[in-house]
There are 2 protein chains.
Amino acid sequence: MHRGTGVGLAYDRGVPSTSAPPPATRGERKERTRRAILDAALRLCEDSSLVALSLRAVAKEVGIVPTAFYRHFTSIEDLGLELVDESFESLRAMLKEVRQAGATSLTEMIDGSVRILVEHVHAQREHFMFIARERGAGPLPVREAIRHEIELCERELAADLRRIPGMDPWSPEDVQVLSNLIVMAMVSTVESVLLAAPGSVAERRIAERARTQLRMVLVGALQWESRD
Amino acid sequence: MHRGTGVGLAYDRGVPSTSAPPPATRGERKERTRRAILDAALRLCEDSSLVALSLRAVAKEVGIVPTAFYRHFTSIEDLGLELVDESFESLRAMLKEVRQAGATSLTEMIDGSVRILVEHVHAQREHFMFIARERGAGPLPVREAIRHEIELCERELAADLRRIPGMDPWSPEDVQVLSNLIVMAMVSTVESVLLAAPGSVAERRIAERARTQLRMVLVGALQWESRD
DNA sequence: AAGTTCAGTGAACGTTCGTACACTCAAACT
DNA sequence: AGTTTGAGTGTACGAACGTTCACTGAACTT
(Lines give C-alpha, C1' and ligand atoms only; values in the text may rest on other atoms or scores of the structure.)
Protein backbone atom coordinates (compact mmCIF):
# COMPACT_ATOMS: atom_id res chain seq x y z
CA MET A 1 0.00 0.00 0.00
CA HIS A 2 1.75 3.06 -1.25
CA ARG A 3 1.11 6.18 0.78
CA GLY A 4 3.32 8.61 -1.00
CA THR A 5 4.94 11.15 1.23
CA GLY A 6 5.67 9.85 4.71
CA VAL A 7 5.54 12.70 7.16
CA GLY A 8 3.86 14.98 4.70
CA LEU A 9 0.93 12.65 4.28
CA ALA A 10 -0.01 13.02 7.90
CA TYR A 11 -1.47 16.35 6.91
CA ASP A 12 -3.57 14.83 4.17
CA ARG A 13 -5.61 12.76 6.58
CA GLY A 14 -8.23 13.71 9.15
CA VAL A 15 -9.86 17.13 9.16
CA PRO A 16 -9.30 18.74 5.76
CA SER A 17 -7.33 21.89 6.42
CA THR A 18 -8.05 23.58 9.74
CA SER A 19 -5.43 21.78 11.88
CA ALA A 20 -2.44 22.24 9.60
CA PRO A 21 -1.96 23.52 6.08
CA PRO A 22 -0.94 20.80 3.65
CA PRO A 23 2.57 21.60 2.50
CA ALA A 24 2.51 22.87 -1.03
CA THR A 25 5.94 22.98 -2.62
CA ARG A 26 8.33 20.08 -2.84
CA GLY A 27 11.04 21.95 -1.00
CA GLU A 28 8.68 22.60 1.88
CA ARG A 29 7.80 18.94 2.15
CA LYS A 30 11.45 17.96 2.15
CA GLU A 31 12.36 20.50 4.79
CA ARG A 32 9.47 19.28 6.91
CA THR A 33 10.69 15.69 6.79
CA ARG A 34 14.23 16.81 7.50
CA ARG A 35 13.06 18.62 10.59
CA ALA A 36 11.05 15.58 11.64
CA ILE A 37 14.20 13.46 11.35
CA LEU A 38 16.25 15.91 13.40
CA ASP A 39 13.54 16.10 16.06
CA ALA A 40 13.15 12.34 16.16
CA ALA A 41 16.89 11.84 16.57
CA LEU A 42 16.96 14.45 19.32
CA ARG A 43 14.08 12.70 21.06
CA LEU A 44 15.65 9.26 20.77
CA CYS A 45 18.96 10.63 22.05
CA GLU A 46 17.34 11.52 25.36
CA ASP A 47 18.07 8.04 26.62
CA SER A 48 20.67 6.52 24.41
CA SER A 49 23.47 8.18 22.45
CA LEU A 50 24.23 8.81 18.82
CA VAL A 51 26.64 5.89 18.67
CA ALA A 52 23.86 3.55 19.78
CA LEU A 53 21.21 5.18 17.62
CA SER A 54 20.15 3.29 14.54
CA LEU A 55 19.08 4.78 11.28
CA ARG A 56 16.12 2.43 11.31
CA ALA A 57 14.93 3.55 14.72
CA VAL A 58 14.99 7.17 13.57
CA ALA A 59 13.11 6.31 10.40
CA LYS A 60 10.47 4.42 12.35
CA GLU A 61 10.05 7.32 14.78
CA VAL A 62 9.58 9.72 11.88
CA GLY A 63 7.23 7.39 10.05
CA ILE A 64 9.27 6.89 6.91
CA VAL A 65 10.96 3.88 5.41
CA PRO A 66 14.64 3.42 6.41
CA THR A 67 16.05 4.08 2.97
CA ALA A 68 14.32 7.46 2.80
CA PHE A 69 16.74 8.63 5.49
CA TYR A 70 19.48 8.84 2.88
CA ARG A 71 17.59 11.54 1.00
CA HIS A 72 18.46 13.89 3.85
CA PHE A 73 21.64 12.65 5.55
CA THR A 74 24.46 10.37 4.49
CA SER A 75 24.76 8.82 7.95
CA ILE A 76 23.81 9.15 11.60
CA GLU A 77 27.09 10.92 12.18
CA ASP A 78 26.23 13.47 9.52
CA LEU A 79 22.92 14.05 11.24
CA GLY A 80 24.78 14.46 14.52
CA LEU A 81 26.98 17.23 13.15
CA GLU A 82 23.85 19.04 12.01
CA LEU A 83 22.40 18.74 15.51
CA VAL A 84 25.58 20.18 16.97
CA ASP A 85 25.29 23.22 14.73
CA GLU A 86 21.66 23.63 15.60
CA SER A 87 22.25 23.26 19.33
CA PHE A 88 25.00 25.82 19.45
CA GLU A 89 23.00 28.22 17.35
CA SER A 90 20.38 28.27 20.09
CA LEU A 91 23.08 28.48 22.73
CA ARG A 92 24.58 31.48 21.02
CA ALA A 93 21.19 33.15 21.09
CA MET A 94 21.21 32.60 24.82
CA LEU A 95 24.66 34.09 25.28
CA LYS A 96 23.60 37.11 23.27
CA GLU A 97 20.65 37.51 25.59
CA VAL A 98 22.95 37.29 28.60
CA ARG A 99 25.16 40.01 27.18
CA GLN A 100 22.26 42.28 26.32
CA ALA A 101 20.89 41.99 29.84
CA GLY A 102 23.18 44.93 30.56
CA ALA A 103 23.80 44.45 34.25
CA THR A 104 25.06 47.33 36.31
CA SER A 105 26.74 45.30 39.03
CA LEU A 106 28.62 42.02 39.15
CA THR A 107 25.95 40.41 41.32
CA GLU A 108 23.25 41.54 38.93
CA MET A 109 25.19 40.13 36.02
CA ILE A 110 25.70 36.79 37.73
CA ASP A 111 22.09 36.46 38.83
CA GLY A 112 20.82 37.38 35.39
CA SER A 113 23.16 34.99 33.64
CA VAL A 114 22.20 32.03 35.80
CA ARG A 115 18.52 32.82 35.44
CA ILE A 116 18.77 32.95 31.66
CA LEU A 117 20.87 29.80 31.62
CA VAL A 118 18.30 27.79 33.57
CA GLU A 119 15.48 29.16 31.45
CA HIS A 120 17.23 28.12 28.27
CA VAL A 121 17.98 24.67 29.56
CA HIS A 122 14.23 24.22 29.95
CA ALA A 123 13.35 25.79 26.63
CA GLN A 124 15.99 23.82 24.75
CA ARG A 125 16.15 20.80 27.00
CA GLU A 126 16.66 18.32 24.17
CA HIS A 127 19.47 20.32 22.62
CA PHE A 128 21.34 20.67 25.90
CA MET A 129 20.80 17.00 26.65
CA PHE A 130 22.19 16.10 23.28
CA ILE A 131 25.31 18.19 23.75
CA ALA A 132 25.91 16.93 27.28
CA ARG A 133 25.64 13.35 26.05
CA GLU A 134 27.62 13.55 22.86
CA ARG A 135 30.28 15.83 24.26
CA GLY A 136 32.02 12.85 25.79
CA ALA A 137 30.56 9.85 24.03
CA GLY A 138 29.52 10.79 20.51
CA PRO A 139 31.28 9.85 17.29
CA LEU A 140 34.72 11.45 17.12
CA PRO A 141 33.80 14.19 14.59
CA VAL A 142 30.79 15.11 16.73
CA ARG A 143 32.90 15.30 19.87
CA GLU A 144 35.42 17.48 18.09
CA ALA A 145 32.73 19.79 16.76
CA ILE A 146 31.29 20.22 20.25
CA ARG A 147 34.71 20.79 21.79
CA HIS A 148 35.44 23.41 19.16
CA GLU A 149 32.19 25.24 19.81
CA ILE A 150 32.74 25.25 23.57
CA GLU A 151 36.22 26.60 22.98
CA LEU A 152 34.69 29.44 21.00
CA CYS A 153 32.32 30.20 23.86
CA GLU A 154 35.32 30.23 26.17
CA ARG A 155 37.11 32.78 24.04
CA GLU A 156 34.05 34.96 23.73
CA LEU A 157 33.58 34.91 27.47
CA ALA A 158 37.23 35.80 27.93
CA ALA A 159 36.69 38.86 25.72
CA ASP A 160 33.70 39.84 27.84
CA LEU A 161 35.60 39.32 31.07
CA ARG A 162 38.31 41.69 29.96
CA ARG A 163 35.73 44.46 29.87
CA ILE A 164 34.84 44.03 33.52
CA PRO A 165 36.26 46.83 35.64
CA GLY A 166 39.05 45.50 37.77
CA MET A 167 40.21 42.96 35.20
CA ASP A 168 42.54 45.38 33.45
CA PRO A 169 45.73 44.23 35.18
CA TRP A 170 45.09 40.58 34.27
CA SER A 171 47.20 38.92 31.65
CA PRO A 172 45.28 37.59 28.63
CA GLU A 173 46.38 34.09 29.59
CA ASP A 174 44.94 34.35 33.07
CA VAL A 175 41.68 35.71 31.74
CA GLN A 176 41.53 32.75 29.39
CA VAL A 177 42.14 30.37 32.27
CA LEU A 178 39.45 32.06 34.31
CA SER A 179 37.08 31.85 31.37
CA ASN A 180 37.77 28.14 31.02
CA LEU A 181 36.96 27.64 34.68
CA ILE A 182 33.68 29.51 34.39
CA VAL A 183 32.59 27.73 31.22
CA MET A 184 33.35 24.35 32.74
CA ALA A 185 31.41 25.28 35.86
CA MET A 186 28.48 26.28 33.68
CA VAL A 187 28.68 23.05 31.67
CA SER A 188 28.48 21.10 34.87
CA THR A 189 25.64 23.31 36.09
CA VAL A 190 23.72 22.56 32.93
CA GLU A 191 24.29 18.85 33.46
CA SER A 192 22.92 19.15 36.98
CA VAL A 193 19.90 21.16 35.88
CA LEU A 194 19.11 18.53 33.27
CA LEU A 195 18.95 15.92 36.00
CA ALA A 196 16.67 17.93 38.28
CA ALA A 197 12.92 18.15 37.82
CA PRO A 198 12.01 21.50 36.23
CA GLY A 199 10.89 23.98 38.86
CA SER A 200 11.81 21.68 41.72
CA VAL A 201 13.61 22.73 44.88
CA ALA A 202 16.56 20.68 43.70
CA GLU A 203 16.75 22.86 40.64
CA ARG A 204 16.56 26.07 42.63
CA ARG A 205 19.39 24.83 44.82
CA ILE A 206 21.47 24.09 41.75
CA ALA A 207 20.86 27.61 40.47
CA GLU A 208 21.78 29.04 43.85
CA ARG A 209 24.92 26.92 43.87
CA ALA A 210 25.87 28.21 40.42
CA ARG A 211 25.39 31.82 41.55
CA THR A 212 27.54 31.24 44.62
CA GLN A 213 30.24 29.60 42.56
CA LEU A 214 30.31 32.43 40.07
CA ARG A 215 30.56 34.90 42.91
CA MET A 216 33.37 32.93 44.51
CA VAL A 217 35.26 32.80 41.26
CA LEU A 218 34.67 36.32 40.01
CA VAL A 219 34.70 38.37 43.18
CA GLY A 220 37.34 36.16 44.71
CA ALA A 221 39.61 36.07 41.71
CA LEU A 222 39.37 39.82 41.23
CA GLN A 223 40.68 40.38 44.73
CA TRP A 224 43.27 37.69 44.39
CA GLU A 225 44.92 39.26 41.41
CA SER A 226 44.87 42.74 42.87
CA ARG A 227 46.65 41.40 45.93
CA ASP A 228 49.81 40.50 44.00
CA MET B 1 37.66 -28.08 17.34
CA HIS B 2 37.28 -27.92 21.07
CA ARG B 3 40.04 -26.06 22.85
CA GLY B 4 38.77 -26.18 26.37
CA THR B 5 39.52 -23.06 28.33
CA GLY B 6 39.55 -19.95 26.18
CA VAL B 7 41.88 -17.44 27.73
CA GLY B 8 43.44 -19.97 30.02
CA LEU B 9 44.53 -22.12 27.14
CA ALA B 10 46.73 -19.36 25.78
CA TYR B 11 49.16 -20.29 28.50
CA ASP B 12 49.22 -23.93 27.44
CA ARG B 13 50.73 -23.12 24.08
CA GLY B 14 54.19 -21.98 23.08
CA VAL B 15 57.15 -22.13 25.45
CA PRO B 16 56.30 -24.52 28.28
CA SER B 17 56.44 -22.45 31.43
CA THR B 18 59.00 -19.64 31.37
CA SER B 19 56.80 -16.87 29.92
CA ALA B 20 53.79 -17.35 32.20
CA PRO B 21 52.84 -19.95 34.75
CA PRO B 22 49.91 -22.07 33.61
CA PRO B 23 47.05 -21.31 35.95
CA ALA B 24 46.52 -24.20 38.28
CA THR B 25 43.27 -23.98 40.18
CA ARG B 26 39.87 -23.56 38.62
CA GLY B 27 39.18 -20.38 40.58
CA GLU B 28 42.39 -18.86 39.24
CA ARG B 29 41.42 -19.66 35.67
CA LYS B 30 38.00 -18.13 36.15
CA GLU B 31 39.39 -15.00 37.74
CA ARG B 32 41.86 -14.69 34.89
CA THR B 33 39.11 -14.82 32.28
CA ARG B 34 37.04 -12.38 34.28
CA ARG B 35 39.93 -9.93 34.31
CA ALA B 36 40.44 -10.48 30.60
CA ILE B 37 36.79 -9.59 30.01
CA LEU B 38 37.02 -6.45 32.12
CA ASP B 39 40.21 -5.40 30.36
CA ALA B 40 38.77 -6.11 26.93
CA ALA B 41 35.66 -4.07 27.71
CA LEU B 42 37.82 -1.23 29.00
CA ARG B 43 39.90 -1.36 25.85
CA LEU B 44 36.90 -1.42 23.54
CA CYS B 45 35.33 1.46 25.45
CA GLU B 46 38.22 3.70 24.47
CA ASP B 47 36.43 4.56 21.27
CA SER B 48 32.83 3.64 21.68
CA SER B 49 30.66 3.52 24.80
CA LEU B 50 29.07 0.84 26.91
CA VAL B 51 25.68 1.38 25.30
CA ALA B 52 27.20 0.64 21.90
CA LEU B 53 29.36 -2.21 23.13
CA SER B 54 28.23 -5.69 22.21
CA LEU B 55 28.67 -8.77 24.28
CA ARG B 56 29.92 -10.54 21.19
CA ALA B 57 32.61 -7.96 20.50
CA VAL B 58 33.90 -8.32 24.05
CA ALA B 59 33.90 -12.10 23.77
CA LYS B 60 35.79 -11.96 20.49
CA GLU B 61 38.37 -9.57 21.98
CA VAL B 62 38.88 -11.93 24.91
CA GLY B 63 39.00 -14.99 22.71
CA ILE B 64 36.05 -16.83 24.14
CA VAL B 65 32.71 -17.82 22.72
CA PRO B 66 29.89 -15.30 23.28
CA THR B 67 27.89 -17.49 25.61
CA ALA B 68 30.85 -17.92 27.96
CA PHE B 69 30.39 -14.25 28.85
CA TYR B 70 27.38 -15.20 30.94
CA ARG B 71 29.54 -17.29 33.27
CA HIS B 72 30.95 -14.01 34.58
CA PHE B 73 28.40 -11.25 34.06
CA THR B 74 24.66 -11.21 33.48
CA SER B 75 24.88 -8.31 31.02
CA ILE B 76 27.07 -5.56 29.66
CA GLU B 77 25.48 -3.22 32.14
CA ASP B 78 26.47 -5.51 34.99
CA LEU B 79 30.02 -5.48 33.69
CA GLY B 80 29.84 -1.69 33.53
CA LEU B 81 28.93 -1.40 37.19
CA GLU B 82 31.92 -3.57 38.04
CA LEU B 83 34.15 -1.27 36.02
CA VAL B 84 32.79 1.74 37.88
CA ASP B 85 33.68 0.15 41.21
CA GLU B 86 37.10 -0.74 39.95
CA SER B 87 37.76 2.71 38.53
CA PHE B 88 36.80 4.54 41.68
CA GLU B 89 38.81 2.15 43.78
CA SER B 90 41.92 3.31 41.93
CA LEU B 91 40.76 6.91 42.14
CA ARG B 92 40.37 6.63 45.87
CA ALA B 93 43.92 5.36 46.10
CA MET B 94 44.95 8.51 44.30
CA LEU B 95 43.02 10.79 46.65
CA LYS B 96 44.59 9.04 49.59
CA GLU B 97 47.98 9.73 48.08
CA VAL B 98 47.07 13.39 47.64
CA ARG B 99 46.08 13.65 51.27
CA GLN B 100 49.20 11.90 52.51
CA ALA B 101 51.40 14.26 50.54
CA GLY B 102 51.18 16.46 53.63
CA ALA B 103 51.72 19.85 52.12
CA THR B 104 52.77 22.73 54.33
CA SER B 105 51.38 25.55 52.20
CA LEU B 106 48.36 25.97 49.98
CA THR B 107 50.54 26.33 46.89
CA GLU B 108 52.42 23.19 47.75
CA MET B 109 49.17 21.33 48.25
CA ILE B 110 47.78 22.51 44.92
CA ASP B 111 50.94 21.70 42.99
CA GLY B 112 51.20 18.28 44.56
CA SER B 113 47.56 17.47 43.92
CA VAL B 114 47.69 18.40 40.26
CA ARG B 115 50.91 16.48 39.77
CA ILE B 116 49.47 13.35 41.33
CA LEU B 117 46.26 13.79 39.34
CA VAL B 118 48.07 13.93 36.01
CA GLU B 119 50.26 10.99 36.96
CA HIS B 120 47.25 8.89 37.79
CA VAL B 121 45.45 9.78 34.61
CA HIS B 122 48.40 8.29 32.77
CA ALA B 123 48.70 5.25 34.98
CA GLN B 124 44.96 4.54 34.87
CA ARG B 125 44.20 6.07 31.52
CA GLU B 126 41.61 3.46 30.54
CA HIS B 127 39.76 3.77 33.81
CA PHE B 128 39.56 7.54 33.63
CA MET B 129 38.52 7.34 29.99
CA PHE B 130 35.79 4.93 30.90
CA ILE B 131 34.42 7.14 33.65
CA ALA B 132 34.58 10.28 31.51
CA ARG B 133 32.65 8.50 28.76
CA GLU B 134 30.03 6.71 30.76
CA ARG B 135 29.46 9.55 33.18
CA GLY B 136 27.19 11.22 30.66
CA ALA B 137 26.30 8.50 28.20
CA GLY B 138 26.37 5.12 29.89
CA PRO B 139 23.38 3.02 30.84
CA LEU B 140 21.29 4.76 33.52
CA PRO B 141 22.47 2.57 36.45
CA VAL B 142 26.08 3.14 35.43
CA ARG B 143 25.55 6.89 35.21
CA GLU B 144 23.93 6.90 38.62
CA ALA B 145 26.74 4.86 40.14
CA ILE B 146 29.33 7.27 38.77
CA ARG B 147 27.38 10.29 39.91
CA HIS B 148 27.11 8.81 43.38
CA GLU B 149 30.84 8.14 43.57
CA ILE B 150 31.70 11.65 42.44
CA GLU B 151 29.32 13.00 45.04
CA LEU B 152 31.19 11.03 47.68
CA CYS B 153 34.47 12.53 46.48
CA GLU B 154 32.88 15.93 46.74
CA ARG B 155 31.87 15.36 50.34
CA GLU B 156 35.29 14.00 51.25
CA LEU B 157 36.94 17.02 49.72
CA ALA B 158 34.57 19.28 51.62
CA ALA B 159 35.68 17.63 54.86
CA ASP B 160 39.31 18.24 53.91
CA LEU B 161 38.65 21.82 52.97
CA ARG B 162 37.17 22.55 56.37
CA ARG B 163 40.54 21.72 57.90
CA ILE B 164 42.33 24.38 55.91
CA PRO B 165 43.24 27.35 58.08
CA GLY B 166 41.08 30.28 57.14
CA MET B 167 38.05 28.16 56.28
CA ASP B 168 36.70 28.15 59.81
CA PRO B 169 34.17 30.96 59.32
CA TRP B 170 32.66 29.28 56.25
CA SER B 171 29.24 27.72 56.49
CA PRO B 172 29.14 23.97 55.74
CA GLU B 173 26.92 24.72 52.74
CA ASP B 174 29.41 27.13 51.24
CA VAL B 175 32.24 24.66 51.73
CA GLN B 176 30.15 22.06 49.96
CA VAL B 177 29.53 24.46 47.08
CA LEU B 178 33.21 25.24 46.88
CA SER B 179 34.02 21.54 46.90
CA ASN B 180 31.59 20.96 44.06
CA LEU B 181 33.29 23.66 42.04
CA ILE B 182 36.72 22.18 42.61
CA VAL B 183 35.66 18.63 41.83
CA MET B 184 33.97 19.73 38.62
CA ALA B 185 37.08 21.68 37.63
CA MET B 186 39.16 18.56 38.24
CA VAL B 187 36.77 16.40 36.24
CA SER B 188 37.12 18.75 33.34
CA THR B 189 40.89 18.84 33.82
CA VAL B 190 40.98 15.06 33.61
CA GLU B 191 38.96 15.18 30.41
CA SER B 192 41.44 17.64 28.94
CA VAL B 193 44.45 15.59 29.99
CA LEU B 194 42.93 12.52 28.37
CA LEU B 195 42.79 14.38 25.08
CA ALA B 196 46.40 15.61 25.23
CA ALA B 197 49.36 13.49 24.26
CA PRO B 198 51.13 12.23 27.39
CA GLY B 199 54.12 14.39 28.22
CA SER B 200 53.28 16.93 25.53
CA VAL B 201 53.44 20.68 25.95
CA ALA B 202 49.67 20.72 25.64
CA GLU B 203 49.46 18.52 28.68
CA ARG B 204 51.84 20.67 30.69
CA ARG B 205 49.73 23.68 29.83
CA ILE B 206 46.62 21.91 31.01
CA ALA B 207 48.32 21.08 34.31
CA GLU B 208 49.44 24.68 34.64
CA ARG B 209 45.91 25.83 33.93
CA ALA B 210 44.53 23.51 36.60
CA ARG B 211 47.02 24.87 39.14
CA THR B 212 46.09 28.43 38.32
CA GLN B 213 42.41 27.65 38.58
CA LEU B 214 42.80 26.00 41.94
CA ARG B 215 44.77 28.97 43.16
CA MET B 216 42.11 31.37 41.87
CA VAL B 217 39.38 29.43 43.56
CA LEU B 218 41.08 28.64 46.86
CA VAL B 219 43.11 31.75 47.52
CA GLY B 220 40.46 33.96 45.98
CA ALA B 221 37.53 32.40 47.75
CA LEU B 222 39.30 32.49 51.11
CA GLN B 223 39.67 36.23 50.82
CA TRP B 224 36.20 36.69 49.50
CA GLU B 225 34.53 35.13 52.49
CA SER B 226 36.67 36.98 54.99
CA ARG B 227 35.63 40.23 53.35
CA ASP B 228 31.95 39.86 54.27
C1' DA C 1 38.46 -44.79 41.43
C1' DA C 2 34.00 -42.91 40.68
C1' DG C 3 31.11 -38.90 40.72
C1' DT C 4 30.20 -33.92 40.61
C1' DT C 5 30.91 -29.25 39.17
C1' DC C 6 31.15 -25.70 35.96
C1' DA C 7 33.99 -22.59 32.59
C1' DG C 8 33.97 -22.82 28.02
C1' DT C 9 32.00 -24.82 23.44
C1' DG C 10 29.24 -24.77 19.15
C1' DA C 11 25.04 -24.87 16.66
C1' DA C 12 20.82 -22.65 16.13
C1' DC C 13 16.89 -19.24 16.90
C1' DG C 14 14.61 -14.83 15.91
C1' DT C 15 15.79 -9.73 15.67
C1' DT C 16 17.68 -5.81 14.09
C1' DC C 17 20.94 -3.62 11.63
C1' DG C 18 22.98 -0.84 7.21
C1' DT C 19 22.58 -0.73 2.51
C1' DA C 20 21.49 -1.93 -2.56
C1' DC C 21 18.12 -1.84 -5.96
C1' DA C 22 14.18 -1.10 -8.81
C1' DC C 23 9.91 1.19 -8.20
C1' DT C 24 6.17 5.08 -8.08
C1' DC C 25 3.95 9.27 -8.70
C1' DA C 26 3.07 14.16 -7.69
C1' DA C 27 5.45 18.39 -8.17
C1' DA C 28 8.38 21.15 -11.16
C1' DC C 29 10.03 22.20 -15.52
C1' DT C 30 9.98 22.73 -20.72
C1' DA D 1 0.72 18.47 -22.89
C1' DG D 2 4.80 15.95 -22.32
C1' DT D 3 9.09 15.22 -19.77
C1' DT D 4 12.10 15.26 -15.95
C1' DT D 5 13.09 15.13 -11.11
C1' DG D 6 13.44 13.32 -6.67
C1' DA D 7 11.25 12.22 -1.94
C1' DG D 8 9.46 8.27 -0.40
C1' DT D 9 8.32 3.05 -1.14
C1' DG D 10 8.97 -2.10 -0.86
C1' DT D 11 11.82 -6.04 -1.21
C1' DA D 12 15.83 -8.28 -0.37
C1' DC D 13 20.58 -9.31 1.21
C1' DG D 14 24.23 -10.56 4.34
C1' DA D 15 26.12 -9.39 8.86
C1' DA D 16 25.84 -8.84 13.66
C1' DC D 17 23.17 -8.94 17.58
C1' DG D 18 21.35 -11.28 22.42
C1' DT D 19 19.95 -15.59 24.12
C1' DT D 20 18.60 -20.74 24.29
C1' DC D 21 20.26 -25.17 24.69
C1' DA D 22 22.66 -29.52 24.97
C1' DC D 23 27.48 -30.63 25.10
C1' DT D 24 32.43 -31.56 26.82
C1' DG D 25 36.25 -32.37 29.70
C1' DA D 26 39.54 -30.89 33.10
C1' DA D 27 39.53 -29.57 37.84
C1' DC D 28 37.44 -30.58 42.21
C1' DT D 29 35.19 -33.61 45.65
C1' DT D 30 34.06 -37.91 47.91
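What you see is a predicted model, and the numbers here were worked out from it, not measured in a lab. Chain letters run A, B, ... following the sequence lines, proteins first and then strands; every chain starts at 1.
In terms of phosphate contacts, B:T67 brings no side-chain nitrogen or oxygen within less than 4.0 Å of OP1 or OP2 of D:dT20. Residue A:T25 places no side-chain N or O under 4.0 Å from the OP1 or OP2 atom of C:dA27.
A salt bridge links B:R99 with B:E156: at least one charged nitrogen is closer than 4.0 Å to a carboxylate oxygen. Using a 4.0 Å cut-off between charged side-chain N and carboxylate O, B:E151 and B:R155 make a salt bridge.
Separating the CG atom of A:L53 from the C1' atom of C:dG18 is a distance of 13 Å, rounded to the nearest angstrom. Atom pair B:E77:CD and D:dT19:P shows a separation of 11 Å (rounding to whole Å applied). Summarising the geometry, the separation between OH on B:Y70 and P on D:dA22 is reported as 17 Å, rounded to the nearest angstrom. If you measure from atom CD of B:E31 to atom P of C:dC6, you get 16 Å, rounded to the nearest angstrom. In this entry the distance linking CZ of B:F73 with P of C:dA7 reads 13 Å, nearest Å. What separates CZ of B:R29 from C1' of C:dT5 is a distance of 15 Å, to the nearest Å. Atom CZ of B:R56 is separated from atom P of C:dC17 by 16 Å (rounded to the nearest Å). Rounded to whole Å, the distance from CZ on A:R32 to P on D:dG8 is 12 Å.
Counted by atom type alone, A:S192 and A:R209 present one or more donor-acceptor pairs between their side chains at under 3.5 Å.
Judged by distance alone, with hydrogens and angles left aside, A:R71 brings no side-chain donor or acceptor close enough to the base of D:dG6 to form a pair under 3.5 Å. Not a single donor-acceptor pair, N or O on each side, falls under 3.5 Å between the base of C:dG18 and the side chain of A:S75. Residue B:S54 places no side-chain atom within donor-acceptor reach of the base of D:dG18, judged by atom type and a 3.5 Å distance cut-off alone.
Taking every side-chain heavy atom of B:R26 into account, D:dA26 is the closest of C:dT9, D:dA26, C:dT19. For A:H72, the listed nucleotide lying nearest its side chain is D:dA7; candidates were D:dA7, D:dT9, C:dT9.
Residues B:P66 and A:A57 both approach DNA chain C. Their nearest nucleotides, taken by heavy-atom distance, put B:P66 toward the 5′ side.
Legend: ring pair (Phe, Tyr, Trp, His ring centres under 6.0 Å) pairs involving residues 36-70 of chain B, not counting sequence neighbours, sorted by first then second residue: B:F69-B:F73.
B:R92 is listed as a side-chain neighbour of B:L152, based on a closest heavy-atom distance under 4.5 Å.
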